[in-house]
Amino acid sequence: MSWFSGVQQGPPIEVFALTKQFTEDSFPQKVNLGVGAYRSDEGKPWVLPVVRIAEKALANDDSLNKEYLPVLGLEIFSSLSTKMLLGEDSPALTQNKAFGVQCLSGTGALRVGAEFLARKLEKTVFYFSKPTWGNHRLVFLSAGFQDAREYRYWNGETRGLDIDGFLEDLNNAPEGAVIILHACAHNPTGCDPTQEQWKQIASVIKDKKLFPFFDSAYQGFASGDLDKDAWAVRYFVTQGFELFCAQSYAKNFGLYNERTGNLSVVMNNPSEVPAVKSQITLTVRGMYSNPPSHGARIVSHVLSNKELYNQWRDNIKTMSSRIIEMRKRLREELERLGTPGSWNHITDQIGMFSYTGLNEAQSEHMVKKHHIYMLKSGRISMCGLTPSNVEYVAKSINETLST
Ligand code: PMP
């Protein structure tokens with residue numbers, strides 16, 4: 001007998017399955033445009049130089065030990081992270097209305113926030129953009145939400161934001177629904193609302209009494225400027241919203257496997273902060289008890305040292321400028337080859353990802369024929385494009401669309 005005979009095979013997780021296929025592929029010119037991880041000009045994983053510096057300093061610091069961190073994580077890390085998101089002199093911080101919780105990267109911060117909302121505030125309905133990052137749905141349903149709904153976001157014809165559909169769907173949402181919003185560099189479309197559009201979105205969220213839950217996985221990646229990329233969240237705070245924001249250091253610090261993130265909580269009433277903190281403490285205690293320290297120490301070391309902080313900003317600039325440069329090169333190459341269709345969306349979109357417009361069959365052809373690994377939705381990670389492979393990728397897209 002087996003307890004497990006009724007377990008059915010689950011579907012593979014597309015982006016991890018692609019990376020596995022890529023690793024096993026022996027084709028010399030293979031390119032991985034699936035996973036959102038930055039690669040050096042030579043196509044190799046890149047550890048940020050400032051991270052190497054911080055790690056050396058930590059290794060030499062004999063005062064550090066392996067004792068447990070508090071349940072809510074390293075205090076200095078979470079407060080610096082919330083400050084980075086909200087800005088030095090945010091009224092939410094000066095009035096003690098905001099705090100951070102160290103979490104297991106962005107995913108963990110979403111999960112902790114969602115668990116709290118589902119179990120303590122008894123929220124059941126959440127909305128995510130159509131399309132969105134492939135994990136929002138699973139994280140929120142696993143946390144206890146019951147009703148997953150989409151709001152319109154992407155207009156495939158104009159290859160831009162469907163702001164009217166977006167606002168209409170928010171307008172029809174039930175009071176109290178949780179709205180997941182990408183803080184910047186929307187994944188997968190690379191298309192963000194303008195500031196004017198954010199104001200419209202905020203106004204509907206306020207009128208309809210919805211709860212904004214920002215997902216900030218790419219601060220610094222959209223514009224190369226940490227403050228600019230936090231504009232939407234800061235705007236909501238100035239408008240008096242209570243909100244959550246999940247922050248990830250996977251991309252902007254390159255700490256993918258260190259699982260380093262923060263849940264920023266902004267509330268209206270400082271006297272309610274201790275109760276909320278105590279409940280989040282129990283939420284975390286029941287899930288994983290307390291977080292790991294290494295990534296949080298790296299980030300704290302850098303954020304608390306002016307010189308290293310500036311170096312980090314330079315490292316982000318290196319990544320974001322390469323991405324912008326690659327967008328330009330890819331578009332130029334496609335246009336030079338006379339590839340069918342228009343390609344301005346490649347340079348109009350921002351951040352780590354681009355929605356190429358290739359359909360499922362074409363995307364699969366790219367994988368099978370050209371060994372260029374990309375999602376079926378046509379999404380490519382711009383971080384995987386480098387000066388040494390951009391021509392090959394453009395040629396392959398051209399071949400795919402011309403046959
Ligand atoms: N949100 C979005 C929109 C993302 O793209 C990602 C990473 N791909 C995450 C959250 C979470 O990433 P991580 O858990 O690695 O920080």
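Counting starts at 1 for both ligands and their atoms, in listed order. Owing to the predicted nature of the structure, the values given are computational and were not obtained by experimental measurement.
Atom 6 (C) of ligand 1 has its closest protein heavy atom at Trp133 CE2, 3.6 Å. Among protein heavy atoms, the minimum distance from atom 2 (C) of ligand 1 is reached at Asp215 OD2, 3.4 Å. Here the heavy atom of the protein found nearest to atom 15 (O) of ligand 1 is Arg259 NH1, 2.9 Å.
The heavy atom nearest to atom 7 (C) of ligand 1, considering only Lys251, His136, Gln247, Glu258, is found in Lys251. Evaluated by nearest non-hydrogen atom to atom 16 (O) of ligand 1, the leading choice among Ala246, Ser105, Gly108 is Ser105.
Less than 4.0 angstrom separates some heavy atom of Thr107 from each of these atoms of ligand 1: 11 (C), 12 (O), 13 (P), 14 (O). Counting the atoms of ligand 1 from 1 in the order shown, those under 4.0 Å from a heavy atom of Ala250 are 15 (O), 16 (O). In the vicinity of Gly106, heavy-atom distances shorter than 4.0 Å reach the ligand 1 atoms 13 (P), 14 (O), 16 (O). Applying the 4.0 Å criterion to heavy atoms of Ser248 picks out, from ligand 1, the atoms 13 (P), 16 (O).
Taking the six-membered ring where tryptophan is involved, the planes of Phe236 and Phe241 are tilted, since the angle between them lies from 30° to 60°. Taking the six-membered ring for Trp and thresholds of 30 and 60 degrees, Phe126 and Phe140 have nearly parallel ring planes, at less than 30 degrees apart.
Among Arg327, Lys328, Arg331, the single residue meeting the side chain to side chain donor-acceptor pair (under 3.5 Å) criterion with Thr347 is Arg331.
Considering backbone and side-chain atoms alike, Tyr218 places an N or O below 3.5 Å from some N or O of ligand 1.
Of the charged side-chain nitrogens involved, none lies within less than 4.0 Å of a carboxylate oxygen, so that Lys130 and Asp162 do not count as a salt-bridged pair.
Closest approach of Phe353 and Met382 over heavy atoms only: C-CG, 4.3 Å.
Glu88 CD: 12 or fewer foreign heavy atoms inside a 6.0 Å radius.
Heavy atoms of Tyr249 stay at 4.0 angstrom or farther from ligand 1.
Remark: Lys123 fails to qualify as a cation-pi partner of Phe145 under the 6.0 Å distance and 45° angle criteria applied to the six-membered ring.
Phe128 and His136 have their aromatic ring centers separated by at least 6.0 angstrom.
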